[in-house]
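The block underneath contains the structure these notes are about, expressed in structure tokens.
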Amino acid sequence: MNSKYNFQYFQGSSLSDLFAQDITDASYGFILNYPATASWAAYPNRKKYFIQDGSSEATKTSFDKICQKEPWKNLAVLGEGIPGIVIIPPPKLLLEYWQEHFGFNHSNIEMMDCSTYLDDLGRNERFDKLITLFPFDCLKPEKHAVDSDTHYRLLSKVTLDELGVQCPKYKTYNLHQVNLQDIQLPQFPYLIKTSHGLSGEGTYIIKSPSDLNYCLEEIRKYLAIKLLDTIIVSEFVKNEVQNYCVQFYVNKAGEITLIGTTGQLVTPEGNYLGGLIDYRKTDMSKFFEMIANVGQYAHKHGYFGVIGFDVLENQDGQLFAIDANFRVNGSTSLCLQRHTLLRLGKGVAKYSGSYRMEGTLESILITLKPELDRKDLIILSALEKVKYGKIYTELYAIATGETIEKMQSIEQKLQNKGLQLLS
């Protein structure tokens, strides 16, 4: 460990345990879903806190992802200290599975009407402050646990070079002040990013004229629907050997607790697929200075909560921060399984939101019961769907093993039983 810092690993297994130290001064709740901009959203973020979640109705992040699969994944590991605000209830069988395997009673689920929930929360005296993944246009500013303007600025790709960490050189352009066609672009390869893209949306790796044409067309669509102010044009990190997500918690006093570091699984286009972790071998000390600087910056600006920043390592061992997410991250739930799985002798685990299996959740729980009982597979979220008359279930899940080889062997057995991992 880096002797200059005395950072300790979080010893709990839930989000409630993480936030416990900071929620004694008022009554807190956790809104588990992101805001959206699609036509189905009762409270679209189209006024101030723009989020790039698709440049057209056809490409918007779907209702089931934003309101069901993603919130349920965090609800699974929420624990019992913070009420979790949910606008679509998880299936009863999924809830029963969580209760058995995570050990939480989930009595703190706060069901609210998806068409009125932000108005209801604004009037609701039960909740003084609400923890969010992203600020909501339609939630009163004073109800946000972190100042909403501050949170929005922290979540912007523009702030990366202010965090005190090495990052690729980039330039920022306000598209209301400069014409898109007047921007001087570097030589291929490089990246163009929108300020607040969701889950890889709004990040474009530019390696050819066709990549650039596609990107510019997308940006023009965002401008046309008035959901974008700012882009950045960034250097491309060459000779990358590792892609990490480094996660920690910073409390209201500015103290830091380590959550974990995952190896990120991404598509060649940069879309997030999941994370891989080796609980025993992961040495976070090489990130300590970065963690300290990001944590100090967050604290100075009044932020408390989970932070995950993405880091690329090149073949020379240089570390470049490429993104910082001041919120619960995609693989936070994976990191929180650390102590549970190590007690079972399982040192390696992989999270993915791209599992699918034919049949209902009930049939899957029966088919995979031996693996689920051994925690070879941990289900975080499950949603039944029908296509061409056939029922299948989409799963967010964690595959585990004593070593990476054993985990891969378990994955193969699960695949033989019908569990598919879609890329």
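Numbering starts at 1 and runs along the sequence shown. It should be emphasised that the depicted structure is a prediction, and the values quoted were computed from it without experimental measurement.
- Across all their heavy atoms, Lys60 and Ile225 have their closest contact at NZ-CD1, 3.9 Å.
- Taking 4.5 Å as the limit, every side-chain heavy atom of Phe320 sits out of range of all side-chain heavy atoms of Glu313.
- Counted by atom type alone, Gln68 and Asp64 present zero donor-acceptor pairs between their side chains at under 3.5 Å.
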*Before giving the answer on side chain to side chain donor-acceptor pair (under 3.5 Å), spell out for Tyr249 and Glu255 the whole-Å C-alpha distance, their side-chain angles and the decisive distance to 0.1 Å.*
CA-CA 8 Å; Tyr249 184 93; Glu255 297 162 340; over 6 Å; no

*Test Ile183 against Tyr173 for side-chain contact (heavy atoms from CB on, under 4.5 Å), laying out the working first.*
CA-CA 8 Å; Ile183 295 172; Tyr173 298 94; 3.6 Å; yes

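- Checked by atom type and distance alone, the side chain of Asp22 pairs as donor or acceptor with a backbone atom of Lys252 at under 3.5 Å.
- Side-chain atoms of Tyr190 and Ser234 form no donor-acceptor pair, as typed in the model, at a separation below 3.5 Å.
- When only modelled atom types and interatomic distance are considered, Thr59 and Ser56 share a side-chain donor-acceptor pair under 3.5 Å.
- The shortest non-hydrogen separation linking Ala382 to Trp72 is O-CZ3, 3.3 Å.
- Only one option out of Thr37, Asn45, Asp229 pairs with Phe50 in a side chain to side chain contact (heavy atoms under 4.5 Å, CB included); it is Asp229.
- Heavy atoms from other residues, nucleotides or ligands lying under 6.0 Å from CD of Glu362 number 12 at most.
- Salt bridge present: Glu162 and Arg153 bring a charged side-chain N and a carboxylate O closer than 4.0 Å.
- In this structure, a donor-acceptor pair under 3.5 Å is absent between the side chains of Asn33 and Glu70.
- Salt bridge present: Glu394 and Lys385 bring a charged side-chain N and a carboxylate O closer than 4.0 Å.
- Checked by atom type, the side-chain pair Gln247/Ser331 shows a donor-acceptor distance below 3.5 Å.
- The neighbour count for Glu125 CD, taken as heavy atoms of other residues, nucleotides or ligands under 6.0 Å away, does not exceed 12.
- Ile259 is listed as a side-chain neighbour of Val306, based on a closest heavy-atom distance under 4.5 Å.
- Counting heavy-atom neighbours within 6.0 Å of Lys417 NZ, excluding the residue itself, gives a total above 12.
- Without hydrogens or angle criteria, Ser16 side chain to Leu78 main chain gives a donor-acceptor distance under 3.5 Å.
- Aromatic ring centroids of Tyr152 and His196 lie under 6.0 Å apart.
- Under a 3.5 Å cut-off, the side chain of Asp182 and the backbone N or O of Val178 do not form any donor-acceptor pair.
- Checking side-chain atoms of Glu57 against main-chain N and O of Ser39 turns up a donor-acceptor pair under 3.5 Å.
- When all heavy atoms of Leu276 and Leu334 are compared, the pair lying nearest together is N-CD2, 4.3 Å.
- Glu371 CD to Leu419 CG: the interatomic distance, rounded to the nearest 0.5 Å, is 9.5 Å.
- Here the two rings, on Tyr303 and His151, have centers that are under 6.0 Å apart.
- In this structure, Thr61 contributes its side chain and Asp53 its backbone to a donor-acceptor pair below 3.5 Å.
- Taking a 6.0 Å sphere around NZ of Lys406, one finds it holds 12 or fewer heavy atoms contributed by other residues, nucleotides or ligands.
- Side-chain atoms of Asn293 come within 3.5 Å of backbone N or O of Gly164 as a donor-acceptor pair.
- A donor-acceptor pair is defined here as one N or O able to donate and one able to accept, closer than 3.5 Å; such a pair exists between the side chain of Asp137 and the backbone of Arg46.
- Atom CD of Glu411 has more than 12 heavy atoms from other residues, nucleotides or ligands within 6.0 Å.
- Considering OG of Ser352 and CZ of Arg356, their distance stands at 12.0 Å, rounded to 0.5 Å.
- Here NE2 of His101 is found 9.0 Å from CD1 of Ile378. Values are rounded to the nearest 0.5 Å.
- In plain terms, the two heavy atoms of Leu361 and Glu384 that are nearest each other are N-OE2, 2.8 Å.
- The closest side-chain heavy-atom distance from Trp98 to Leu93 is not below 4.5 Å.
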*Carefully, step by step, assess Lys129 and Glu142 under the rule salt bridge (charged side-chain N to carboxylate O under 4.0 Å, His left out).*
CA-CA 8 Å; Lys129 296 288 182 183; Glu142 63 271 20; over 6 Å; no

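- A distance of 10.0 Å separates CD in Gln415 from OH in Tyr355, rounded to the nearest 0.5 Å.
- Among Val165, Leu258, Val311, the one residue that satisfies the side chain to side chain contact (heavy atoms under 4.5 Å, CB included) test with Phe287 is Val311.
- Counted by atom type alone, Ser210 and Asn213 present zero donor-acceptor pairs between their side chains at under 3.5 Å.
- The aromatic ring centres of Phe288 and Phe7 sit less than 6.0 Å apart.
- With a 6.0 Å radius and a threshold of 12 heavy atoms from other residues, nucleotides or ligands, Tyr214 has its OH atom at or below the threshold.
- Looking only at side-chain heavy atoms (C-beta outward), Phe309 and Asp323 stay at 4.5 Å or farther from each other.
- In this structure, Arg338 is not positioned above the aromatic face of Phe10 in the sense of NZ or CZ being under 6.0 Å from the six-membered ring centre and within 45° of the axis.
- Taking the six-membered ring where the residue is Trp, Phe136 and His144 present tilted rings, their angle falling between 30° and 60°.
- Formation of a donor-acceptor pair under 3.5 Å by the Ser381 side chain with backbone atoms of Lys69 is found in this model.
- Between the side chains of Asp120 and Thr116, a donor-acceptor pair is found at a separation under 3.5 Å.
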*Please walk me through it: do Asp149 and Lys48 pass salt bridge (charged side-chain N to carboxylate O under 4.0 Å, His left out)?*
CA-CA 9 Å; Asp149 286 348; Lys48 186 177 184 181; 2.9 Å; yes

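- Looking at Ile232 and Ser195, their side chains never come closer than 4.5 Å, going by heavy atoms from C-beta outward.
- Contact of the Gln337 side chain with the Val77 side chain is registered, since non-hydrogen atoms from C-beta on lie closer than 4.5 Å.
- When atom types are taken as modelled, the side chain of Lys143 and the backbone of Phe127 share a donor-acceptor pair closer than 3.5 angstrom.
- Taking all atoms of both residues into account, the shortest heavy-atom contact from Gly81 to Asn108 is N-ND2, 4.4 Å.
- Summarising the geometry of Pro168 relative to Glu235, their closest heavy-atom pair is CB-O, 3.8 Å, with the distance given to 0.1 Å.
- With rounding to the nearest 0.5 Å, the separation of CZ in Arg123 from NZ in Lys140 is 8.0 Å.
- Counting only distance, with no hydrogens or angles, the side chain of Thr360 and the backbone of Ser363 share a donor-acceptor pair below 3.5 Å.
- Put simply, the side chain of Asp161 reaches to within 4.5 Å of the side chain of Cys167, judged on heavy atoms.
- Here the CG-OG1 distance, from Leu15 to Thr332, works out to 7.0 Å after rounding to the nearest 0.5 Å.
- Residue-environment remark: CD (Glu96) exceeds the threshold of 12 foreign heavy atoms within 6.0 Å.
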*Would you please test Lys221 and Glu217 for salt bridge (charged side-chain N to carboxylate O under 4.0 Å, His left out) and show each step?*
CA-CA 6 Å; Lys221 288 178 185 176; Glu217 186 61 33; 5.2 Å; no

